[in-house]
Amino acid sequence: MAKSKVGILTAGGDSPGLNAAIRGFGKTAIGYYDMELVGFRDGITGLVENRHEKLGSNRLSGILTVGGTILGTSRDKVNKFPTADGPVDMVPTVVENYDRLGLDALIMLGGGGTAKNALRLVDAGLNVIHLPKTIDNDIAMTDTTFGFATATEIATEAIDRVHSTAHSHHRIILTEIMGHRAGWLTLAAGIAGGADIILIPEIPYSVESVSETIKQRTKRGSTFSVVAVAEGARDVEDAADEQAARLLVKNAKTPEAQRAARTHLKHVEDTQREHTFKLARELESATGLEARVTILGYVQRGGSPSAADRLLATKLGTAAADLVAAKEYGVMVASRGDGTEPVPLTEVAGKVKLVPPDHGWVTAARKVGTGLGD
Ligand code: F6P
(Lines give C-alpha, C1' and ligand atoms only; values in the text may rest on other atoms or scores of the structure.)
Protein backbone atom coordinates (compact mmCIF):
# COMPACT_ATOMS: atom_id res chain seq x y z
CA MET A 1 0.00 0.00 0.00
CA ALA A 2 1.28 3.52 -0.82
CA LYS A 3 2.43 5.57 2.11
CA SER A 4 0.18 8.43 3.27
CA LYS A 5 1.62 11.78 2.24
CA VAL A 6 1.03 14.76 4.51
CA GLY A 7 1.80 18.47 4.08
CA ILE A 8 2.57 20.78 7.00
CA LEU A 9 2.88 24.56 7.30
CA THR A 10 3.19 27.30 9.91
CA ALA A 11 1.13 30.48 9.41
CA GLY A 12 0.44 33.80 11.16
CA GLY A 13 2.80 35.44 13.66
CA ASP A 14 5.56 33.07 14.77
CA SER A 15 5.70 31.85 18.35
CA PRO A 16 7.93 29.65 20.47
CA GLY A 17 6.93 25.97 20.15
CA LEU A 18 6.25 25.86 16.40
CA ASN A 19 9.32 23.72 15.74
CA ALA A 20 8.51 21.48 18.69
CA ALA A 21 5.05 20.89 17.16
CA ILE A 22 6.49 20.23 13.68
CA ARG A 23 8.87 17.74 15.29
CA GLY A 24 6.12 16.12 17.40
CA PHE A 25 3.93 15.67 14.35
CA GLY A 26 6.74 14.70 11.99
CA LYS A 27 8.47 12.14 14.19
CA THR A 28 5.15 10.42 14.90
CA ALA A 29 3.99 10.57 11.27
CA ILE A 30 7.29 9.31 9.84
CA GLY A 31 8.64 7.06 12.60
CA TYR A 32 5.45 5.65 14.08
CA TYR A 33 2.99 5.64 11.17
CA ASP A 34 5.43 5.41 8.24
CA MET A 35 3.97 8.46 6.46
CA GLU A 36 5.76 10.87 4.11
CA LEU A 37 6.03 14.53 5.12
CA VAL A 38 6.27 17.68 3.01
CA GLY A 39 6.79 21.14 4.53
CA PHE A 40 5.41 24.23 2.77
CA ARG A 41 7.57 27.34 2.99
CA ASP A 42 6.28 30.62 4.45
CA GLY A 43 2.76 29.53 5.40
CA ILE A 44 -0.12 30.13 3.01
CA THR A 45 2.27 31.83 0.58
CA GLY A 46 4.21 28.60 -0.03
CA LEU A 47 0.99 26.63 -0.27
CA VAL A 48 -0.27 28.94 -3.02
CA GLU A 49 3.09 29.16 -4.80
CA ASN A 50 3.74 25.44 -4.33
CA ARG A 51 7.07 25.99 -2.58
CA HIS A 52 7.81 22.96 -0.45
CA GLU A 53 10.53 20.63 0.79
CA LYS A 54 10.54 16.98 1.79
CA LEU A 55 10.89 16.71 5.58
CA GLY A 56 12.83 13.62 6.66
CA SER A 57 13.89 12.57 10.16
CA ASN A 58 17.19 14.45 9.84
CA ARG A 59 15.42 17.76 9.27
CA LEU A 60 13.34 17.18 12.42
CA SER A 61 16.33 16.50 14.63
CA GLY A 62 17.62 19.23 16.93
CA ILE A 63 14.67 21.59 16.42
CA LEU A 64 12.77 20.97 19.69
CA THR A 65 14.50 23.84 21.44
CA VAL A 66 14.79 26.22 18.48
CA GLY A 67 12.64 29.40 18.38
CA GLY A 68 10.68 30.64 15.33
CA THR A 69 9.79 28.16 12.60
CA ILE A 70 12.12 26.21 10.31
CA LEU A 71 9.44 26.50 7.60
CA GLY A 72 9.00 30.28 7.70
CA THR A 73 5.62 31.97 8.02
CA SER A 74 3.38 34.71 6.57
CA ARG A 75 0.06 36.33 7.35
CA ASP A 76 -1.49 35.79 3.89
CA LYS A 77 -5.13 34.78 3.49
CA VAL A 78 -5.94 31.98 1.08
CA ASN A 79 -9.14 33.67 -0.17
CA LYS A 80 -7.64 37.17 -0.48
CA PHE A 81 -4.11 36.42 -1.60
CA PRO A 82 -2.14 39.58 -2.49
CA THR A 83 -1.19 39.82 -6.18
CA ALA A 84 -0.16 42.69 -8.48
CA ASP A 85 -3.83 42.87 -9.58
CA GLY A 86 -5.14 43.02 -6.04
CA PRO A 87 -6.40 40.26 -3.72
CA VAL A 88 -7.34 36.98 -5.45
CA ASP A 89 -9.13 33.86 -4.18
CA MET A 90 -6.43 31.19 -4.35
CA VAL A 91 -8.42 28.31 -2.89
CA PRO A 92 -8.68 26.57 -6.34
CA THR A 93 -4.89 26.92 -6.82
CA VAL A 94 -4.26 25.36 -3.41
CA VAL A 95 -6.62 22.47 -4.19
CA GLU A 96 -4.74 21.92 -7.46
CA ASN A 97 -1.34 21.94 -5.70
CA TYR A 98 -2.61 19.57 -3.00
CA ASP A 99 -3.95 17.11 -5.61
CA ARG A 100 -0.88 17.33 -7.84
CA LEU A 101 1.38 16.55 -4.86
CA GLY A 102 -0.86 13.62 -3.96
CA LEU A 103 -1.43 14.79 -0.40
CA ASP A 104 -3.71 12.86 1.93
CA ALA A 105 -3.82 15.63 4.54
CA LEU A 106 -2.58 19.10 5.40
CA ILE A 107 -1.52 20.18 8.92
CA MET A 108 -1.79 23.91 9.59
CA LEU A 109 -0.10 25.37 12.68
CA GLY A 110 -1.39 28.83 13.49
CA GLY A 111 -3.74 31.16 15.33
CA GLY A 112 -7.22 32.53 14.69
CA GLY A 113 -6.49 33.64 11.10
CA THR A 114 -5.09 30.21 10.30
CA ALA A 115 -8.20 28.51 11.69
CA LYS A 116 -10.28 30.57 9.22
CA ASN A 117 -7.96 29.66 6.32
CA ALA A 118 -8.10 26.01 7.39
CA LEU A 119 -11.90 26.03 7.36
CA ARG A 120 -11.91 27.57 3.85
CA LEU A 121 -9.79 24.66 2.65
CA VAL A 122 -11.97 22.12 4.46
CA ASP A 123 -14.98 23.63 2.66
CA ALA A 124 -13.10 23.14 -0.63
CA GLY A 125 -12.77 19.42 0.16
CA LEU A 126 -9.24 19.17 1.63
CA ASN A 127 -8.36 17.04 4.66
CA VAL A 128 -7.08 19.64 7.10
CA ILE A 129 -6.06 19.58 10.77
CA HIS A 130 -5.28 22.76 12.69
CA LEU A 131 -2.97 23.09 15.72
CA PRO A 132 -3.56 26.12 17.99
CA LYS A 133 -0.51 28.36 18.26
CA THR A 134 -0.27 31.94 19.53
CA ILE A 135 1.31 33.89 22.35
CA ASP A 136 -2.09 35.62 22.71
CA ASN A 137 -3.90 32.47 24.02
CA ASP A 138 -7.08 33.74 22.36
CA ILE A 139 -8.20 30.66 20.40
CA ALA A 140 -11.65 29.34 21.26
CA MET A 141 -12.32 25.78 22.42
CA THR A 142 -8.80 24.95 23.66
CA ASP A 143 -7.49 25.32 27.21
CA THR A 144 -4.36 26.99 25.91
CA THR A 145 -2.12 27.53 22.87
CA PHE A 146 1.60 26.93 22.43
CA GLY A 147 3.70 30.07 22.62
CA PHE A 148 1.66 31.50 25.47
CA ALA A 149 3.64 29.89 28.31
CA THR A 150 6.99 31.06 26.93
CA ALA A 151 5.74 34.60 26.27
CA THR A 152 4.33 34.67 29.81
CA GLU A 153 7.78 33.76 31.19
CA ILE A 154 9.44 36.50 29.13
CA ALA A 155 6.91 39.20 30.07
CA THR A 156 7.03 38.12 33.73
CA GLU A 157 10.79 38.47 33.79
CA ALA A 158 10.49 41.94 32.24
CA ILE A 159 8.01 43.01 34.93
CA ASP A 160 10.30 41.56 37.62
CA ARG A 161 13.20 43.56 36.25
CA VAL A 162 11.48 46.93 35.97
CA HIS A 163 10.55 46.76 39.67
CA SER A 164 14.06 47.60 40.89
CA THR A 165 14.58 50.52 38.53
CA ALA A 166 11.08 51.89 39.25
CA HIS A 167 11.91 51.61 42.96
CA SER A 168 15.33 53.30 42.64
CA HIS A 169 13.94 56.30 40.72
CA HIS A 170 10.53 56.57 42.44
CA ARG A 171 8.87 56.23 39.06
CA ILE A 172 5.83 54.71 37.47
CA ILE A 173 6.94 52.20 34.84
CA LEU A 174 4.36 51.06 32.32
CA THR A 175 5.26 47.83 30.54
CA GLU A 176 3.29 47.25 27.34
CA ILE A 177 2.63 43.59 26.60
CA MET A 178 1.34 41.96 23.40
CA GLY A 179 -1.88 39.96 23.10
CA HIS A 180 -3.75 41.64 20.25
CA ARG A 181 -7.30 42.26 21.54
CA ALA A 182 -7.06 39.77 24.42
CA GLY A 183 -5.62 40.34 27.89
CA TRP A 184 -4.42 36.81 28.74
CA LEU A 185 -0.71 37.48 28.40
CA THR A 186 -0.77 40.75 30.33
CA LEU A 187 -2.96 39.30 33.08
CA ALA A 188 -0.83 36.17 33.50
CA ALA A 189 2.51 38.03 33.43
CA GLY A 190 1.11 40.89 35.51
CA ILE A 191 0.02 38.52 38.28
CA ALA A 192 3.17 36.40 38.10
CA GLY A 193 5.41 39.48 38.02
CA GLY A 194 3.54 41.24 40.84
CA ALA A 195 2.49 44.29 38.82
CA ASP A 196 0.68 46.86 40.98
CA ILE A 197 -1.83 47.60 38.23
CA ILE A 198 -2.90 45.40 35.31
CA LEU A 199 -4.81 46.89 32.37
CA ILE A 200 -6.45 44.56 29.84
CA PRO A 201 -8.78 45.16 26.86
CA GLU A 202 -11.64 43.27 28.48
CA ILE A 203 -11.77 45.78 31.38
CA PRO A 204 -11.62 49.36 30.03
CA TYR A 205 -9.83 51.58 32.55
CA SER A 206 -10.35 55.06 33.91
CA VAL A 207 -7.26 57.20 34.37
CA GLU A 208 -8.72 58.39 37.71
CA SER A 209 -8.91 54.84 39.02
CA VAL A 210 -5.34 54.05 37.93
CA SER A 211 -3.95 57.26 39.44
CA GLU A 212 -5.94 56.70 42.64
CA THR A 213 -4.31 53.28 43.07
CA ILE A 214 -0.89 54.87 42.61
CA LYS A 215 -1.65 57.69 45.07
CA GLN A 216 -2.82 55.14 47.68
CA ARG A 217 0.46 53.29 47.24
CA THR A 218 2.39 56.52 47.74
CA LYS A 219 0.42 57.18 50.93
CA ARG A 220 1.42 53.75 52.17
CA GLY A 221 5.08 54.54 51.49
CA SER A 222 5.59 52.93 48.07
CA THR A 223 6.88 55.75 45.91
CA PHE A 224 6.93 53.70 42.71
CA SER A 225 4.41 51.66 40.73
CA VAL A 226 4.66 49.01 38.04
CA VAL A 227 1.81 48.92 35.52
CA ALA A 228 1.32 46.01 33.08
CA VAL A 229 -0.58 47.38 30.07
CA ALA A 230 -1.96 45.15 27.31
CA GLU A 231 -1.38 46.48 23.79
CA GLY A 232 -5.17 46.32 23.34
CA ALA A 233 -6.10 47.99 26.66
CA ARG A 234 -8.06 51.25 26.31
CA ASP A 235 -9.58 53.80 28.62
CA VAL A 236 -13.37 53.87 28.78
CA GLU A 237 -13.78 56.61 26.13
CA ASP A 238 -11.36 55.08 23.63
CA ALA A 239 -12.87 51.63 24.14
CA ALA A 240 -16.33 53.06 23.37
CA ASP A 241 -15.01 54.82 20.21
CA GLU A 242 -13.37 51.63 19.01
CA GLN A 243 -16.42 49.52 19.70
CA ALA A 244 -18.64 51.99 17.82
CA ALA A 245 -16.24 51.91 14.84
CA ARG A 246 -16.28 48.08 14.80
CA LEU A 247 -20.07 48.11 14.93
CA LEU A 248 -20.15 50.41 11.89
CA VAL A 249 -18.04 47.88 9.95
CA LYS A 250 -20.26 45.01 11.07
CA ASN A 251 -23.47 46.79 10.10
CA ALA A 252 -22.32 48.36 6.81
CA LYS A 253 -24.62 47.06 4.06
CA THR A 254 -23.03 48.21 0.79
CA PRO A 255 -19.40 47.88 -0.43
CA GLU A 256 -19.05 51.68 -0.25
CA ALA A 257 -20.35 51.76 3.32
CA GLN A 258 -17.98 48.88 4.16
CA ARG A 259 -15.01 50.78 2.74
CA ALA A 260 -15.90 53.98 4.58
CA ALA A 261 -16.46 52.09 7.86
CA ARG A 262 -13.12 50.27 7.52
CA THR A 263 -11.30 53.53 6.82
CA HIS A 264 -12.91 55.05 9.91
CA LEU A 265 -11.95 52.03 12.05
CA LYS A 266 -8.36 52.22 10.83
CA HIS A 267 -8.26 55.93 11.70
CA VAL A 268 -9.58 55.19 15.21
CA GLU A 269 -7.02 52.38 15.65
CA ASP A 270 -4.18 54.60 14.41
CA THR A 271 -5.05 57.42 16.76
CA GLN A 272 -5.17 54.99 19.72
CA ARG A 273 -1.89 53.22 18.89
CA GLU A 274 0.20 55.28 21.33
CA HIS A 275 -2.21 54.72 24.20
CA THR A 276 0.44 53.58 26.70
CA PHE A 277 2.46 56.78 26.17
CA LYS A 278 -0.73 58.84 26.53
CA LEU A 279 -1.53 57.05 29.79
CA ALA A 280 2.02 57.69 31.05
CA ARG A 281 1.60 61.43 30.46
CA GLU A 282 -1.81 61.43 32.14
CA LEU A 283 -0.43 59.59 35.18
CA GLU A 284 2.51 61.96 35.48
CA SER A 285 0.22 64.95 35.70
CA ALA A 286 -2.28 63.19 38.00
CA THR A 287 0.28 61.80 40.50
CA GLY A 288 3.32 64.08 40.24
CA LEU A 289 5.55 61.03 39.75
CA GLU A 290 7.74 60.54 36.69
CA ALA A 291 6.50 57.88 34.28
CA ARG A 292 8.40 55.73 31.76
CA VAL A 293 7.23 53.25 29.15
CA THR A 294 8.78 49.94 28.09
CA ILE A 295 7.30 48.23 25.03
CA LEU A 296 8.23 44.55 25.13
CA GLY A 297 7.23 43.88 21.51
CA TYR A 298 8.77 41.01 19.55
CA VAL A 299 11.08 39.93 22.38
CA GLN A 300 7.97 38.07 23.59
CA ARG A 301 7.81 35.93 20.46
CA GLY A 302 11.50 35.14 20.12
CA GLY A 303 13.83 32.47 21.40
CA SER A 304 13.63 28.97 22.74
CA PRO A 305 10.25 27.62 23.95
CA SER A 306 9.75 26.96 27.67
CA ALA A 307 9.44 23.38 28.95
CA ALA A 308 5.65 23.84 29.22
CA ASP A 309 5.41 24.89 25.54
CA ARG A 310 7.68 22.06 24.36
CA LEU A 311 5.44 19.63 26.21
CA LEU A 312 2.20 21.15 24.88
CA ALA A 313 3.46 21.36 21.28
CA THR A 314 4.68 17.75 21.41
CA LYS A 315 1.34 16.59 22.86
CA LEU A 316 -0.67 18.42 20.15
CA GLY A 317 1.68 17.45 17.31
CA THR A 318 1.64 13.75 18.13
CA ALA A 319 -2.16 13.83 18.59
CA ALA A 320 -2.51 15.38 15.11
CA ALA A 321 -0.56 12.45 13.62
CA ASP A 322 -2.93 10.04 15.39
CA LEU A 323 -5.87 11.89 13.79
CA VAL A 324 -4.33 11.61 10.31
CA ALA A 325 -3.86 7.87 10.90
CA ALA A 326 -7.53 7.68 11.95
CA LYS A 327 -8.55 9.84 8.93
CA GLU A 328 -10.29 12.34 11.20
CA TYR A 329 -10.17 15.75 9.52
CA GLY A 330 -11.72 19.21 9.59
CA VAL A 331 -10.71 19.69 13.22
CA MET A 332 -8.48 21.67 15.54
CA VAL A 333 -6.56 19.60 18.09
CA ALA A 334 -7.56 21.21 21.38
CA SER A 335 -5.59 20.88 24.59
CA ARG A 336 -7.89 19.62 27.37
CA GLY A 337 -6.25 19.06 30.75
CA ASP A 338 -3.46 16.54 30.25
CA GLY A 339 -5.03 15.26 27.05
CA THR A 340 -6.26 16.47 23.66
CA GLU A 341 -9.57 16.55 21.86
CA PRO A 342 -10.47 17.10 18.19
CA VAL A 343 -12.89 20.04 17.86
CA PRO A 344 -14.67 20.76 14.53
CA LEU A 345 -13.13 23.83 12.88
CA THR A 346 -16.63 25.24 12.46
CA GLU A 347 -16.65 25.71 16.25
CA VAL A 348 -13.29 27.50 16.27
CA ALA A 349 -12.95 29.66 13.14
CA GLY A 350 -14.06 33.27 13.52
CA LYS A 351 -14.27 33.07 17.33
CA VAL A 352 -11.97 34.80 19.80
CA LYS A 353 -11.45 33.71 23.41
CA LEU A 354 -11.31 36.81 25.61
CA VAL A 355 -10.73 37.03 29.36
CA PRO A 356 -14.11 36.78 31.14
CA PRO A 357 -14.24 39.66 33.66
CA ASP A 358 -14.99 37.12 36.43
CA HIS A 359 -12.16 34.76 35.44
CA GLY A 360 -10.27 33.20 38.36
CA TRP A 361 -7.11 35.13 37.48
CA VAL A 362 -9.02 38.44 37.58
CA THR A 363 -10.54 37.70 40.99
CA ALA A 364 -7.16 36.48 42.31
CA ALA A 365 -5.50 39.71 41.12
CA ARG A 366 -8.16 41.78 42.89
CA LYS A 367 -7.78 39.76 46.11
CA VAL A 368 -4.04 40.49 46.31
CA GLY A 369 -4.79 44.20 45.90
CA THR A 370 -3.80 44.65 42.25
CA GLY A 371 -5.56 47.57 40.56
CA LEU A 372 -7.43 46.72 37.36
CA GLY A 373 -8.20 50.31 36.45
CA ASP A 374 -11.99 50.01 36.82
O1 F6P B 1 -0.77 37.29 17.42
C2 F6P B 1 0.50 37.44 17.94
C3 F6P B 1 0.91 38.88 17.92
O4 F6P B 1 2.22 38.98 18.44
C5 F6P B 1 -0.02 39.83 18.68
O6 F6P B 1 0.17 39.78 20.07
C7 F6P B 1 0.34 41.14 18.04
O8 F6P B 1 -0.75 42.04 18.14
C9 F6P B 1 0.57 40.76 16.61
O10 F6P B 1 0.91 39.38 16.62
C11 F6P B 1 1.68 41.50 15.91
O12 F6P B 1 1.64 41.13 14.56
P13 F6P B 1 2.82 41.29 13.50
O14 F6P B 1 3.77 40.14 13.68
O15 F6P B 1 2.11 41.16 12.18
O16 F6P B 1 3.44 42.60 13.72
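In each ligand, atom 1 is the first atom listed, and ligand 1 is the first ligand listed. Values in this document were obtained by computation on a predicted structure and should not be read as measured data.
- Under 3.5 Å, the side chains of Gln258 and Arg262 contain a donor-acceptor pair of N or O atoms.
- Side chains of Asp14 and Thr69: a donor-acceptor N/O pair is absent below 3.5 angstrom, by distance only.
- The residue among Arg301, Lys133, His180 with a heavy atom at the shortest distance from atom 3 (C) of ligand 1 is Arg301.
- Contacts between Gln300 and ligand 1 below 4.0 angstrom, taking non-hydrogen atoms only, are absent altogether.
- Side-chain contact, Ser335 with Asp143: no donor N or O sits under 3.5 Å from an acceptor N or O.
- Within the structure, ligand 1 has Gly179 among the residues with a heavy atom less than 4.0 angstrom away.
- In terms of protein heavy atoms, atom 16 (O) of ligand 1 is closest to Tyr298 OH, 2.4 Å.
- Ion pairing between a basic and an acidic side chain is recognised when a charged N comes within 4.0 Å of a carboxylate O; Arg246 and Glu242 show such pairing.
- In the candidate list Asp136, Thr145, Thr134, Asn137, Asp136 is nearest to atom 1 (O) of ligand 1, counting heavy atoms.
- Cation-pi geometry between Arg217 and Phe224 is met: the NZ or CZ atom falls under 6.0 Å from the ring centre, inside 45° of the normal.
- Within the listing of ligand 1, atoms 5 (C), 6 (O), 7 (C), 8 (O) sit less than 4.0 angstrom from a heavy atom of Glu231.
- Between the NE2 atom of His52 and the CG atom of Asn97 there is a distance of 8.0 Å, given to the nearest 0.5 Å.
- Per-residue contacts place Arg75 under 4.0 angstrom from the following atoms of ligand 1 (heavy atoms of the residue considered): 9 (C), 10 (O), 11 (C), 12 (O), 13 (P), 14 (O), 15 (O).
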